[in-house]
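Within every chain, numbering begins at 1; the chains are lettered A, B, ... in the order of the sequence lines, protein sequences first and strands thereafter.
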Amino acid sequence: MKSAIHISANQWRTSILKACVGVEVARGVAEDIADASLAILALGQNPLKLLLDRLNAFQPSANHADTIPNWPVVGETAQLGSLSVLRFGPSVIDMVQAKIICSCHIDNMTLLLGLAQARLHSHGIQFECSRDGTTWQTIEVAFSGKNVPAGAATCWLRASNSQTPHPFNMTRLPQPTREDWATLQGFANQILVPADDSNRADAGAGLTDND
Amino acid sequence: MSIDSSAELKRFDQVELRSPSTVMRLERMGSFFPTRLSFLRSLLRRLAGDGMGLERTAFQLNDDGFGHAVYDVMLDGQHYALIAYSQALAPENRTDRVIAEAWDTCFILFDGQPGADDIARLAGHATQQETGQYDERVLVLSRANKSVRLFDHVVERLAKGQQPDAEMIGKIGYLMRTTAVYGNGKFGMADRAEFIHRPSLSQPFRLEMLTVYLIREFTLDLVNHVAAAQTRQNGISESTELADNFRRQLGIGNSTGLGMAPFLVGHPVLINNWMLVRETALARVRAVQTATPSVRQEFLDLLQQTKAHLQQWQVDDQFEQNRIEKLRNDFNEIIPQCESLSQEVKPWDKLLRACEDGSSSLQELMVSLILEPNGEIIDGLCECMEDAFGPKLDPMMDVDSVQQILNQHYDWAMQIDLASSHQSALVWYVSEEKAEPRLGARGKDNKEYREMPHAIPSKVQAFTADLQKFNPKTLLGEVLMAHPEHRDIARRVQTVSRHPYAEIRDNLVADNVRPIDLLRCKLSFFGASKFDPRSDRWTRITLYQGAPTARDLTVQNCGDVFLPAFGSDK
C-alpha cells in the first residue's frame, strides 16, 4: 500500500466510538465525540493524541451530580465552570445551539470545537468561538489559524448563522501513528468479550459447515 | 438523493402507506422476499442499460485453478476491476464462519485498472482478509469457498464432455459462496463518501453487488478452466464448457450470520429509507386502476414461476420448511383468485387484500409479485434509498414533545414488562474473535458490561422515567445535560418521529427473538433468494441465481431474475 498505515474515515469514526464506549463514555456522547473527531480531521488536524489523553483520564464511576451545570434561560449568557468534554461536551454545544452564549473551562478545547464543527455538518449551524468573550471567529478559522490550545482552556462559544447541512469532506485525512492507533484500538477492544467455547456457540453456527 | 428531498416520491398516485407498526415487526421482516427494487436488480438494470463492457484482462491460473484473474468493467467511463486470487485450501480449513483464516478464493474490487505490481502486492493482503492493509483504491474485499460437492461434480462431468446433473445444479445453485463482502472504509479501504457522487454508485451496496456479480463470472470461468485442464491431463480428447442454461442457473451462495443483524439497528435512517421506498412502491402499485394486458400476462407468468420456485425451495431447517410448505399451500389456493382479480379495477390492491387473512409470508410474497410487473412506476424510487447524514438530535425540543413521540411510536416498547425474565433473557455482544457479534444468555460471563445497544425497550423505559422528572416545557438539551446516558436513545426517538420505518418494533433481547428474521430482511433488499437457515442465527442464500451472465445481459432480459425456478422458461 502507499503508506504504512491508511485509516479510512469509517475506521476513524467506528474506532473512536468504540474506544469511548470502551471506557464507558455514554454511548450518545461517544457518537458525538466520534463525529467531532471527524470534523477536526476534515479540517486537517489530528485529534488522536488529545483524545487518548482524555480517554486515559476518564473516570466513569465518578459522581458528577455536583458538577452538572444549570441550564440558563434562552438568550442569557452561561458561565459553566470546569467541565469534562467526554461527559458534558455535547451538552455545551446543545446549550449554544439554543442561543445561549456559553463560557467554560473545558478539559479539551480541540474536542469541544470539534463538537461545534460537527454540528455545522449535521444541523447546518455555524458556531463561533472566543478565548476572551470579545474577539470571535468561526471554528474553521480558529483551526486554520492554529488558535486552538491543545489541552484545557477557557472558551466562549456562540451560534452565529445557519446554512444547509452538508457532509464532511473526508478526502486526504491526516493519518495516525501506529503507536497512537494501537493505543486507540486498546481502548476500543475493551468492548469485546473474550472468546471461549461457551460464547462461541452464541454465534449460532456450527464450527464446520461445508456443503 | 435523499428521500426527504426527493420529488420522486410524489410522481405517482398512491394509496396510504402500510403502518410501521405493521411492517416493522420481526416476524413480517423475516418473511420478506426480494423485489425488483433490490440492490442486485437495480444493478443489473444499470449494467444492461449502460452496455456492460466486461473484459477478462488476466487469467493466470494453473491446471488446478490456482493463481489470479482480473475482470475489468466500465461504468460511467470509469474502470473497476475484480482481482480474484485462487489458492489451495485443505478441507479441514474450509469453513463459512467469519472466524475462518483461509479461503479457496479471495477478491478485491479495485478502483481503476490494476498494474502487475498492484496485483502482486495486494495478493498478500487479500488472502489475509481482515488483517491485510488496504488503501482508497481498494473498494471491496471479499472471499468465497467452493461448494465442494457441486464444484467437483461439475468439473468431473465437464472433463468427460458431459453436462452436470440438472437436479444438483438446481438444488445447490452455486459453485462458490461468499462468507464476507466488506466495503465502506473497512480495513482502510475507500470510504463510501469518496465514490458516492459517481452516478453509477449512488445506491446502497452497489459496489458490493457488483463484486458478487463479477465473482460469479469468475466461478463459471474457473470451473470450465479446471475441467479443461483435467481433460488434458487424462488424455481425453474432448471436454466441454458449461451450457448456457446451467451458467444462468448458477448464482453465488452466501453464508450470513449475526454480523448482519446489528446493521439494521445501527442505521435507522438508512433502514427507514429502504422500507419507505418499498412501501411507497407498494402504495403506488395498489393505486393502479387497471392492469394492461401485457402487464397482466407478465403477472400470470410470474405466478407460475413462483409456484415452481416454491416447489423447488427445500431446506433442512424444520421450522423454515414448515413455513415454506404452508406458504406453498396458501399460494396454490390463491392462484385462481389472482387470475380473476387481476382483471378487475384496482387489481393489485385487491390481490393484496385477498392475502390479508393469510400468513405474513403469503402477504410479503404477494408484495414482491405485484411490484414485479410494474417497474415503470416504481423503478425510479431506487434512487431514494441512500442516507447521507444519519440520525440527528434536536436539543431544543421540549420534554412534552419528546413524550408525544414516545407515545406515538414507542407504545410497543412501553408495554413490555421488563421485569419478566423472558423479556431480558438475551444479550447482544461482540466477541474478540474477529469482532463477531453474538447473542447469549443474560447473567452469564459478565457480558452485560459490554452489551450492544440493542435493548431498545429498556432504554426507552429508562428515558421515559427520567423525562417525567422534568417540567414538560424543559428543553431536551437540559435533560441530557443531567442525563447524558440517554443521549443515544433521545436521538433515536427523535429520528423515528421523522423516519417512521427506522425502528424495529420488537424486543431484540427477548427469549423468543429470531435473529434470522433480521438477516432475511436485509438480504431481501440485497436481492437474495432461496433462504436456507442453518439455525435461527445464520442462513445460506443465493444471489444472482437465474440472472443473465455478463455475456448474455441485455436491457430486455435484465429483469428476468425474479425467484428463479429451475426448469422454467425463465
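By number of non-hydrogen pairs under 4.5 angstrom with chain B, the leading residue of A30(A), G28(A), P69(A) is G28(A). The residue among L475(B), L439(B), L480(B) with the most heavy atom pairs within less than 4.5 Å of chain A is L439(B). Contact count against chain A (heavy-atom pairs under 4.5 Å) is highest for D488(B) among D488(B), T474(B), D394(B). The greatest number of non-hydrogen atom pairs below 4.5 Å with chain A, out of G132(B), S431(B), G188(B), is found for G188(B). Across R13(A), E31(A), R119(A), the residue that shares the most heavy-atom pairs under 4.5 angstrom with chain B is E31(A). Chosen from H123(A), M95(A), K99(A), the residue pairing most often with chain B at heavy-atom distances under 4.5 Å is H123(A).
When side chains are defined from C-beta on, H6(A) does not count as touching Y134(B), because their heavy atoms never get closer than 4.5 Å. At a threshold of 4.5 Å between non-hydrogen side-chain atoms, the residues Y429(B) and N199(A) count as touching. Residues Y449(B) and E24(A) form a side-chain contact, since some pair of their non-hydrogen atoms from C-beta on lies under 4.5 Å apart. The shortest distance between side-chain heavy atoms of D202(A) and L258(B) does not fall below 4.5 Å.
Taking the side-chain contact (heavy atoms from CB on, under 4.5 Å) definition, one finds that D191(B) meets it with S8(A), A9(A), N10(A), N184(B), E194(B), sequence neighbours left out.
Heavy-atom distances place the side chain of M396(B), and not its backbone, under 4.5 Å from chain A. Heavy-atom distances place no part of I489(B) under 4.5 Å from chain A, backbone and side chain included. Proximity to chain A is limited to the side chain of E436(B), based on heavy atoms less than 4.5 angstrom apart. Looking at D32(A), the atoms closer than 4.5 Å to chain B (heavy atoms on both sides) sit in the backbone and in the side chain alike. If you measure heavy-atom distances from R534(B) to chain A, you find no contacts under 4.5 Å at all.
When atom types are taken as modelled, the side chain of H121(A) and the backbone of F389(B) share no donor-acceptor pair closer than 3.5 angstrom. Side-chain N or O atoms of R450(B) include one that pairs as donor or acceptor with a backbone N or O of L192(A) at under 3.5 Å.
Shown here for P484(B) and V29(A), the closest heavy-atom pair between the two residues is CB-CG2, 3.9 Å. When all heavy atoms of P453(B) and R27(A) are compared, the pair lying nearest together is CG-NE, 3.3 Å. Taking each heavy atom of E432(B) and A195(A) in turn, the nearest pair found is OE2-N, 3.1 Å.
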Between V193(A) and R438(B), does a side chain to side chain contact (heavy atoms under 4.5 Å, CB included) hold up when you go through it step by step? CA-CA 10 Å; V193(A) 173; R438(B) 291 176 180 171; over 6 Å; no
Checking L476(B) against D94(A) for the side chain to side chain contact (heavy atoms under 4.5 Å, CB included) test, could you report, in this order, the C-alpha distance in whole Å, the side-chain angles of both residues, the deciding distance, and whether it holds? CA-CA 9 Å; L476(B) 177 63; D94(A) 291 347; over 6 Å; no
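Within 6.0 Å of CD on E101(B) lie no more than 12 heavy atoms contributed by other residues, nucleotides or ligands. With a 6.0 Å radius and a threshold of 12 heavy atoms from other residues, nucleotides or ligands, K392(B) has its NZ atom above the threshold. In the displayed structure, E179(A) atom CD is contacted under 6.0 Å by at most 12 heavy atoms of other residues, nucleotides or ligands. The 12-atom threshold is exceeded at CD of Q190(A), counting heavy atoms of other residues, nucleotides or ligands nearer than 6.0 Å. No more than 12 heavy atoms of other residues, nucleotides or ligands lie within 6.0 Å of CG in N70(A), so this atom counts as exposed by the packing criterion.
Interatomic distance, CD1 of I68(A) versus NE2 of H483(B), reported as 7.0 Å (0.5 Å rounding). Annotation: the span from M189(B) atom CE to Q11(A) atom CD amounts to 8.5 Å, rounded to 0.5 Å. In this structure, CD1 in I5(A) is found 6.5 Å from CD in Q133(B), a value given to the nearest 0.5 Å.
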